[in-house]
Amino acid sequence: MAALQLPRVLLPRGCGSIQHVAERNARYPVLLVHGYAASESVWTPLRRALTEGGFGHIVSLTYNSFATDPEAVSAELTHQALRALTATGAPRVHLVGHSLGGLIVRCALARSAALSSQAASAVTIASPHGGAYLARIAPGRCARIMRRGPSSCLPAVHALRPIRWLAYYSDGDHVVPPASARLDDPRFGAANLLIPGCGHLTICRDLRLIRSLVPELIHTETFAGRGAPTDADRELVAA
């Protein structure tokens, strides 16, 4: 059945977005980017927790990772983020990506000075910063930036940007191992946060991640105007 449905899955192209606007909005807008072969429904538990935490403007990107070019997804993320800033009047925006979505966040920030200058935090969840072996046999252009080695087209990050980077990973992820999901490049100054025993897909819905991520975004806003919190070499286990 899956084989019969595959051509239908590959057919839709382009990017879109779903906006979730609450009556109460006390915080920066949040952009959510799902991963490879996934959909925006992966964010349902986190989106609910964000709304309860006062985040009243949330935008979930939608795209077909089999048929869409990663540059197009990156451009759409930039467009939607800047649009959210205009709509809310907020000074900055949070970007959150799962798996491939985390690499899309990196691409967007590296390619847009307008976005990188207004991003408060960039959060990657089980993203293959060091590559994923399974991506070598995965179809579509989006899979290329998940591959290990020189074939990756992921651009370099801008240096000295006031963005707070958080990288969530799990020791139970057999698709993107911890060594790849951690963001150890010193240019990011990222905090690496372990969610023990999670699978690659279940980590987004894990209560430990949700209970960690929402306060971390609030913490980032608390330091607005005083520089991003210093997270370099910070290692945490989310309980």
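Pairing each heavy atom of Leu115 with each of Ala81, the nearest pair is CD1-CB, 3.6 Å. Here the closest non-hydrogen pair linking Val42 and Leu201 is CG2-O, 4.5 Å. The two residues Ala126 and Val176 come nearest to each other via the heavy atoms O-CG2, 3.7 Å. Looking at every heavy atom in both residues, Ala167 comes nearest to Ala181 through CB-O, 3.9 Å. Residues Pro178 and Ser170 share a closest heavy-atom pair of CG-O, 3.5 Å. Contact record, Ile203 with Ile125: CG2-CG2, 3.7 Å, taken as the closest heavy-atom pair.
The closest side-chain donor-acceptor pair between His129 and Ser180, if any, does not fall under 3.5 angstrom. With hydrogens and angles left out, the side-chain atoms of His200 and Asp173 include a donor and acceptor closer than 3.5 Å. Side-chain atoms of Arg27 and His57 form no donor-acceptor pair, as typed in the model, at a separation below 3.5 Å. For the residue pair Thr124/Tyr169, the side-chain donor-acceptor check at 3.5 Å is not satisfied. When only modelled atom types and interatomic distance are considered, His20 and Thr51 share no side-chain donor-acceptor pair under 3.5 Å.
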For Arg106 and Trp165, run side chain to side chain contact (heavy atoms under 4.5 Å, CB included): C-alpha distance rounded to whole Å, both residues' side-chain angles, the deciding distance at 0.1 Å, then the answer.
CA-CA 10 Å; Arg106 283 183 56 181; Trp165 287 87; 3.7 Å; yes
Any chance you could lay out the side chain to side chain contact (heavy atoms under 4.5 Å, CB included) test for Leu32 and Val59, step after step, and finish with the verdict?
CA-CA 6 Å; Leu32 304 174; Val59 181; over 6 Å; no
Would Trp43 and His98 count as a side chain to side chain contact (heavy atoms under 4.5 Å, CB included) here? Give the steps.
CA-CA 9 Å; Trp43 300 118; His98 170 241; 3.7 Å; yes
After noting the C-alpha distance and the side-chain angles of Ile210 and Asp206, does the key distance pass the side chain to side chain contact (heavy atoms under 4.5 Å, CB included) rule?
CA-CA 6 Å; Ile210 294 171; Asp206 194 285; over 6 Å; no
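Contact check on Arg47 versus Glu40 returns a salt bridge, with a Lys/Arg side-chain nitrogen under 4.0 Å from an Asp/Glu carboxylate oxygen.
Taking hydrophobic clusters as Ile, Leu, Val, Met, Phe, Trp and Tyr residues chained together by side-chain heavy-atom distances below 4.5 Å, Ile104 shares a cluster with Leu82. A single hydrophobic cluster is seen to contain both Ile218 and Val123, as judged by linkage of ILVMFWY side chains at heavy-atom distances under 4.5 Å, directly or through other members.
Side chain of Ser116 to backbone of Ser112: a donor-acceptor contact under 3.5 angstrom is found. Proximity of a side-chain donor or acceptor of Asp171 to a complementary backbone N or O of Pro196 within less than 3.5 Å is not detected. Checked by atom type and distance alone, the side chain of Asn192 pairs as donor or acceptor with a backbone atom of Leu183 at under 3.5 Å. Between the side chain of Ser99 and the backbone N or O of Gly101, no donor-acceptor pair lies under 3.5 Å. Between the Thr88 side chain and the Ala84 main chain, a donor and an acceptor come within less than 3.5 Å of each other. Between the side chain of Tyr28 and the main chain of Leu85, no donor-acceptor pair closer than 3.5 Å is present. Under a 3.5 Å cut-off, the side chain of Thr68 and the backbone N or O of Ser65 do not form any donor-acceptor pair.
From Tyr63, atom OH reaches atom OG of Ser74 across 11.0 Å, with rounding to the nearest 0.5 Å. Between Ser212 atom OG and Leu207 atom CG the span is 12.0 Å, to the nearest 0.5 Å. Summarising the geometry, atom NE2 belonging to His174 is positioned 12.0 Å from atom CG belonging to Leu134; distances are rounded to the nearest 0.5 Å. Once rounded to the nearest 0.5 Å, the distance linking CG of Leu31 with CD of Glu76 reads 9.5 Å. Taking CG from Leu194 and CZ from Arg208, the interatomic distance works out to 8.5 Å, rounded to the nearest 0.5 Å. We find the OG-CD1 distance between Ser17 and Ile58 to be 13.5 Å, quoted to the nearest 0.5 Å.
Checked options Glu221, Glu216, His94, Arg92; the residue passing with Ser121 is His94 (criterion: side-chain hydrogen bond (donor to acceptor under 3.5 Å, both in side chains)).
Counting heavy atoms from C-beta on, the side chains of Leu217 and Leu50 come closer than 4.5 Å. Inter-residue side-chain proximity for Arg147 and Tyr133 is flagged as unmet; no heavy-atom pair is nearer than 4.5 Å. The closest side-chain heavy-atom distance from Arg141 to Pro70 is below 4.5 Å. Side-chain contact between Leu77 and Leu95 is present, with heavy atoms from C-beta onward closer than 4.5 Å.
Here Phe66 and Tyr36 bring their ring centres to under 6.0 angstrom of each other.
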